[in-house]
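What you see is a predicted model; the values in this text were computed from it and never measured.
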Amino acid sequence: MTTAQTQGLIGMLTVLGILVLLVLPSVIGILHDKRVDRQIRAAQRRYFTSTVTRHS
């Protein structure tokens, strides 16, 4: 491998590392939002189920 190829590889890995650092918080946020949405839907199902059975 020549010096130019090595520098190109280091540059490419640096750019990919920066890209990962920029994208990672967004991906974590999306996953967190999906988990919260699932928890809210589950709580709504439990609430509506318990309210229907109490009043019936």
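A distance of 10.5 Å separates CG in Leu19 from CG in Leu24, rounded to the nearest 0.5 Å. To the nearest 0.5 Å, atom CE of residue Met12 and atom CG of residue Leu16 are 6.5 Å apart. Taking CD of Gln44 as the reference point, atom OG1 of Thr49 lies at 11.0 Å (rounded to 0.5 Å). Atom CG of Asp33 sits about 12.0 Å away from atom CD1 of Ile28, to the nearest 0.5 Å.
Between Ile30 and Lys34 there is a side-chain heavy-atom pair separated by less than 4.5 Å. Residues Arg35 and Leu31 form no side-chain contact, since every pair of their non-hydrogen atoms from C-beta on lies 4.5 Å or further apart.
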